[in-house]
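The basis for the numbers below is simple: all heavy atoms, side chains too, and nothing from hydrogens, waters or symmetry mates. Here is the naming used below: chain letters follow the sequence lines, and residue numbers restart at 1 for every chain.
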Amino acid sequence: MSAEERSRTDRYDATAIEPYWQGRWAELGLYDTDLADESKPKYYLLTMYPYPSGNLHIGHWYIMTPTDALARFHRMHGENVFLPIGFDSFGLPAENAAIKNKINPRDWTLKNIANMRGQVRSMGATFDWKSEVVTCDPAYYRWNQWIFLKFLEAGLAYRQSSPVDWCPNDGTLAREQVEGTDRHCWRCGTRVEKRLLDQWYLRTTKYADELLDFTGLEWPEPIKTMQTNWIGRSEGAEVVFTTAPDDHQPGGDELRVFTTRPDTLYGATFMVMSPEHALVPKLTHPSRKAEVEAYITATGKATEIERMSTEREKTGVFTGSYAINPVNGERTPIWIADYVLAGYGTGAIMAVPAHDERDFAFAQKFGLPIARVIAGPEVSDAEVETPLEAAYIAHGDADRMVNSGLHSGKPAKKGFADIVAQLEKEGRGKASVNYRLRDWLMSRQRYWGTPIPVVYCDKDGIVPVPADQLPVRLPETVDYAGSGSNPLNTDESFVNTTCPKCGGPARRETDTMDTFIDSSWYWFRYLSPQDATAPVDRAIEARWCPVDQYTGGAEHAVMHLLYSRFFTKAMADLGMAHEREPFKRLFNQGQILGADGERMSKSRGNVQDPDELVQRYGADTVRLFLMFMGPWDQGGPWSPTGIGGISRFLNRVWHVTLDPHGVDNGDPESGVLPAGQDAAAAEKVLRTAAHRTLRTVSEEYAGLRFNTMVAHLMELSNLLQRYRGTEIAGSAAWDEAIRLLVLMLAPAAPHIAEELWSRLAAARGEVWSSIHATGWPAVDESAAAQEEREVPVQVNGKLRDRVTVPIDMPEAELEALVLARPKVVAALEGKTPLKVIHAGGKLLNIVVR
RNA sequence: GGGCGAGUGGCGAAACGGCAGACGCGCCAGCCUUAGGAGCUGGUACCGGAAACGGUGUGCGGGUUCGAGUCCCGCCUCGCCCACCA
């Protein structure tokens, strides 16, 4: 470095240093990972890629800069670190912006990406830009299409007509995109309606059981719990009831129900079908037709409003038909009610009001019989016939069956198994497992997404687009005149095509894919973004997957993080990848809220832009401040209060490093060793502190505890400040402490560390080499060891005294010493100690009575 | 209603069952300065006391323990997720 450059700042001037080093690092290609390099252990560090909204806000910094610190930390440990980045660039905001500004979503998106690339660079993050992935690029989304075709071939993708959640603004939604009691759209907040549509699905349910298995994954417990609950496995039985003949229909239809309590089968006093159930029209007696149809219309329309009511009173109507209970031959009335969901189980239930709260409430409201068939141990045989005041749900080992024919008197658990066996034998049912998880509804009636690569031919039906004709490209010019509706529908040049099978005229599918498809496999693509033969190079994938550490928000618990696991398993089964789990270790950082405590959003006007802070303090200060705020998984409302403390800290590091002999005027003690301490003792103190800090800070980086990591660096710099200008400043111990401080700072505040490192090298007349390519220092355990320790002394658990003793003083000696201390004697009030507890060498507790 | 998580100074927060409040902000005082919204030093949980020191303190009530912010039981409050899943 030239003298001119070196003198560019005598003060710490971040705005001069940071662009300089960012340029140097890029020039040297310091962070372009060589994926083929096997000489070092691999470390795949992934952070959730951003949506190109246009501007990087403080939340992006909160996610990315600690992740970058982790990357630098691992790199200094000699690992081959891969930290890629990309843009999740399909989706509605682009389309909405396009409609508003009458431009193409592509132009809007690409402009935003260009802008955000520069902003990301200003953080000093070590992303490997060579591997960048942009999902709206045909070179990316063609592989969405390719994978989709493989799924289609394997039966993992299918088209089906079914009632879907429909948002008037955003079209169809996946189930997890519908939120709240009032069932509103996760994006625009509009109430969601039900519509019957032909839609594309992915068979996520095929992997339901495997998705419940988290073996080997280091994921936060809450996320695993959420996914487990979302998949919602329940074991029970499917039971076949048969409809009874009557004057309007011949009967004999199978009415299948799912129950988790086959042991209560004798207590089924009525049946309930969902209003959408296929048998409803047939089973509705002519005399009840008007009432039933009115109910169906009412529930279809008013569902959301009724569900808003906290009482949630049960509603329903009798169909006029009956079904025969397979175990006791009883005729049970068939009702319809909207508390039975069409999409779960078989869409119909056997109602056992005595042992289910919802059925109980329904029976009470409509005066239906309630028959107890399970009794707890506290209920005597004589009491069994007493009417229940509430449903008896408990399912303990002591429960026994009553009023259940031959099964009466059996423990309920045995009855459960016996009834299932009996049903199976008679062909009237079977053991069955149900999941709350549904198949993934992936079609969207939108322009700005990956076209689903199929065509519809009058002759050949649904025909996949052959792989060699991929990608099916989005038309570049689209008409947004009729805003809201999918412009692909009216784009004749897109829609009209020929059938790949017969060559005749055909129409393209105009639905596009849910953007969560893009993010379900993007980390694979990072590994071989240019590969023209496969979504991912299997050899590279075998070496680099799974991702070692993934960082991102917990709001993706049951969407992105579950879809990604599904994709990985499906891709493995279809031979595209080896690994069955995408992310070995997951960390959910918290969310930075606006200053008002609300989620940051443009519409609320509480979005925090880091640019002003970066200009004033520099990127390093902002990075460190975000890490220092609190535990990374916590987040919280944004406030820049306190950033001055970080700024002061870095200035202090600057001064102790570059001006060790300076003396501070305001302090008469400055430049003088503490009373009673000679140079040797002071050096020992400094060395001990430096190595102990190194040990702690190393653990804190590895454990992602950045807030306390920064605090410990502050303590060390405060200690150095104390010794600045004294006779030990510039000694070997001093220089070592400075060197360790700068090295420990390097991952978190990379620019200032690099600048100081280069100046230290220059001062020694050495050639600069990057601090980030330097090995992480090793703790000198002999230096970190202490010769003395301070022992707090308690009497009956109350702190009364402290003594400083040699570290290796035997317990008996320590005890004698402590018991002679005046404060301890006073606290004992003449009583004799019962025992003295030496708590792991940390503290002494004297117990008296 | 169910599940998960969290309640500690004026504020952000620390604390393998072992000295509660590290570190930082803010505030107070002193120093240094032509000046300072710069820098340095000290103080700062609450009550009493000039101080030494004493007492009280981690949402509330119990319990286990030599010892509980931490573990167990029951409540209260807040946040997030799921909400009629048979």
Side-chain angles (χ1 to χ4, degrees), chain A residues 11 176 179-181 183 220-226 228-230 232 234 236 257-261 264 272 307 310 312 314 337-341 343-352 355-359 361-362 434-438 554-555 557-558 590-591 597 625 628-631 633-634 636-637 639-646 648-649 651-652 655 662-670 705 707-715 718 721-722 724 790-802 823 833-849:
Chain A
R11 295 177 301 111
E176 42 276 49
E179 296 182 336
T181 316
R183 302 185 51 76
E221 281 309 320
I223 300 287
K224 292 196 277 188
T225 307
M226 274 195 251
T228 302
N229 293 341
W230 188 260
S234 43
V257 301
F258 173 73
T259 178
T260 53
R261 296 292 304 275
T264 65
V272 188
R307 285 185 176 175
T310 48
R312 245 187 255 143
K314 295 276 180 293
D338 67 355
Y339 83 92
V340 173
L341 308 174
Y344 182 78
T346 61
I349 62 158
M350 63 178 209
V352 184
H355 307 295
D356 182 282
E357 281 179 17
R358 297 151 301 183
D359 298 345
F362 194 82
N434 250 282
Y435 301 90
R436 299 180 54 180
L437 182 72
R438 314 288 164 82
E555 66 274 18
V558 291
Q591 212 171 36
F625 177 60
F628 185 62
M629 275 174 48
D633 55 5
Q634 191 172 293
S639 164
T641 307
I643 193 169
I646 297 290
R648 270 191 280 281
F649 162 60
N651 271 296
R652 181 169 283 194
H655 286 118
V663 174
D664 294 294
N665 291 330
D667 174 19
E669 305 278 307
S670 181
R705 295 189 301 274
N707 57 329
T708 50
M709 180 276 292
V710 175
H712 286 118
L713 293 184
M714 286 174 167
E715 285 186 86
N718 289 345
Q721 165 68 23
R722 176 64 192 84
R724 190 162 92 111
E790 190 187 55
V791 184
V793 182
Q794 296 181 336
V795 175
N796 281 348
K798 261 191 195 304
L799 182 72
R800 295 298 178 189
D801 199 6
R802 301 168 215 270
K823 281 185 186 173
L834 289 175
K835 58 177 162 177
V836 177
I837 288 157
H838 298 258
K842 281 192 173 161
L843 158 154
L844 214 68
N845 191 11
I846 303 163
V847 185
V848 294
R849 277 289 162 259

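If you check every strand for non-hydrogen atoms under 4.0 Å, Val793(A) touches nothing. Residue-level contact check: Ser670(A) touches neither bases nor backbone, having no heavy atom under 4.0 Å from any strand. Nucleic acid contact for Ser639(A): none, since no nucleic acid atom lies under 4.0 Å from a heavy atom of the residue.
Gln634(A) pairs by the side chain to side chain contact (heavy atoms under 4.5 Å, CB included) definition with Pro631(A), not counting sequence neighbours. Applying the side chain to side chain contact (heavy atoms under 4.5 Å, CB included) rule to Asn796(A) yields the partners Val847(A), Val848(A), Arg849(A); only residues at least two apart in sequence or on another chain are considered. In terms of the ring pair (Phe, Tyr, Trp, His ring centres under 6.0 Å) criterion, Phe628(A) has no residue partners (sequence neighbours excluded). Looking at residues two or more places apart in sequence or on another chain, you find a side chain to side chain contact (heavy atoms under 4.5 Å, CB included) between Gln591(A) and Glu555(A), Leu593(A), Arg599(A). Taking the salt bridge (charged side-chain N to carboxylate O under 4.0 Å, His left out) definition, one finds that Lys842(A) meets it with nothing, sequence neighbours left out. The side chain to side chain contact (heavy atoms under 4.5 Å, CB included) test applied to Ala361(A) returns Lys314(A), not counting sequence neighbours.
Side-chain atoms of Leu844(A) and Gln794(A), non-hydrogen and from C-beta on, never get closer than 4.5 Å to each other. Between Met714(A) and Ile646(A), some side-chain heavy-atom pair lies under the 4.5 Å cut-off.
Between the CZ atom of Phe258(A) and the C1' atom of rC84(B) there is a distance of 16 Å, rounded to whole Å. Between Tyr435(A) atom OH and rA86(B) atom C1' there is a gap of 17 Å when expressed in whole angstrom units. Put simply, CD on Glu669(A) is 12 Å from C1' on rC40(B), counting in whole angstrom units. Atom OH of Tyr339(A) and atom C1' of rG1(B) are 17 Å apart (whole Å). Atom pair Trp230(A):CH2 and rA83(B):C1' shows a separation of 10 Å (rounding to whole Å applied). Between Asp356(A) atom CG and rG2(B) atom P the separation is 16 Å, expressed in whole Å. Nucleotide rA22(B) holds its P atom 14 Å from the CE atom of Met714(A), rounded to whole Å. Atom CG of Asp633(A) is separated from atom C1' of rG79(B) by 14 Å (rounded to the nearest Å).
A gap of 25 Å separates the P atoms of rA13(B) and rC82(B), to the nearest Å. rU58(B) and rG17(B) have their C1' atoms separated by 15 Å, with the value rounded to a whole Å. Taking the P atoms as reference points, rG57(B) lies 15 Å from rC47(B), given to the whole Å. Taking atom C1' on both rU8(B) and rA68(B), the two are 14 Å apart, rounded to the nearest angstrom. One C1' atom belongs to rA51(B), the other to rG59(B), and the distance between them is 35 Å to the nearest Å. rU77(B) and rC25(B) have their P atoms separated by 37 Å, with the value rounded to a whole Å. Remark: the separation of the C1' atoms in rG2(B) and rC84(B) is 12 Å, to the nearest Å. rA52(B) sits 27 Å from rC40(B) when the P atoms are compared, rounded to a whole Å.
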Name the pairs: protein N/O against N/O of nucleotides 65-67 of chain B, kept only if under 3.5 Å.
| residue | atom | partner | partner atom | Å |
| --- | --- | --- | --- | --- |
| rC66(B) | O2' | Asn845(A) | ND2 | 3.4 |
| rC66(B) | O2 | Asn845(A) | ND2 | 2.7 |

Tabulate protein N/O versus nucleotide N/O from nucleotides 43-45 of chain B, keeping only pairs under 3.5 Å, one per line.
none

Can you pull every protein N or O that's under 3.5 Å from an N or O on nucleotides 27-34 of chain B?
| residue | atom | partner | partner atom | Å |
| --- | --- | --- | --- | --- |
| rG30(B) | N2 | Gly666(A) | O | 3.4 |
| rC31(B) | O2' | Gly666(A) | O | 3.1 |

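Residue Lys798(A) has a polar side-chain atom (N or O) positioned under 4.0 Å from OP1 or OP2 of rU56(B).
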Please test Asp664(A) against Gln721(A) for side chain to side chain contact (heavy atoms under 4.5 Å, CB included), starting from the C-alpha separation and ending with a verdict.
-> CA-CA 10 Å; Asp664(A) 294 294; Gln721(A) 165 68 23; 2.7 Å; yes

**Worked check of side chain to side chain contact (heavy atoms under 4.5 Å, CB included) between Leu713(A) and Met709(A)** = CA-CA 6 Å; Leu713(A) 293 184; Met709(A) 180 276 292; 3.8 Å; yes

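Distance from the side chain of Lys823(A) is smallest to rC53(B) among rC53(B), rA86(B), rG54(B). Side chain of Thr260(A), nearest nucleotide from rA22(B), rA86(B), rG54(B): rA86(B). Picking from rA86(B), rU56(B), rG26(B) the nucleotide with the shortest atom distance to the side chain of Arg648(A) gives rG26(B). Checking rC81(B), rU41(B), rA86(B) against every side-chain atom of Met226(A), the shortest atom distance belongs to rC81(B). Ranking rU41(B), rC23(B), rA86(B) by closeness to the Arg652(A) side chain, first place goes to rU41(B). Considering only side-chain atoms of Gln721(A), the nucleotide from rA86(B), rC40(B), rC53(B) that sits closest is rC40(B).
Between the side chains of Asn718(A) and Arg652(A), at least one donor N or O sits under 3.5 Å from an acceptor N or O.
Taking the O4'-C1'-N9-C4 or O4'-C1'-N1-C2 dihedral as appropriate, rG26(B) has a value more than 90° from 0 and is therefore anti.
Nearer to the 5' terminus of RNA chain B, by closest-nucleotide assignment, is the contact made by His712(A) (compared with the other of His712(A) and Ala348(A)).
The minimum heavy-atom distance between Tyr339(A) and Asp359(A), with the atom names listed, is OH-OD1, 2.7 Å. Looking at every heavy atom in both residues, Ala337(A) comes nearest to Phe362(A) through CB-CE1, 3.7 Å. Between Ser670(A) and Val663(A) the shortest heavy-atom distance is OG-CG1, 3.5 Å.
A distance of 5.0 Å separates NE2 of His712(A) from CD of Glu715(A), quoted to the nearest 0.5 Å.
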In B/S/- notation (B base, S sugar-phosphate only, - none; protein heavy atoms under 4.0 Å), nucleotides 3-17 of chain B written 5' to 3' is SS-------BSS-B-

Pairs under 3.5 Å (Watson-Crick or G-U), crossing ones as [ ], inter-strand ones as |: RNA chain B comes out as (((((((..(((.....[....)))((((((.......))))))((((....))))..(((((..]....))))))))))))....

With a cut-off of 3.5 Å and sequence neighbours excluded, list every side-chain donor-acceptor pair involving residues 344-352 of chain A.
| residue | atom | partner | partner atom | Å |
| --- | --- | --- | --- | --- |
| Tyr344(A) | OH | Ser234(A) | OG | 2.9 |
| Thr346(A) | OG1 | Arg256(A) | O | 2.7 |
| Thr346(A) | OG1 | Ala348(A) | N | 3.4 |
| Thr346(A) | OG1 | Ala348(A) | O | 3.2 |

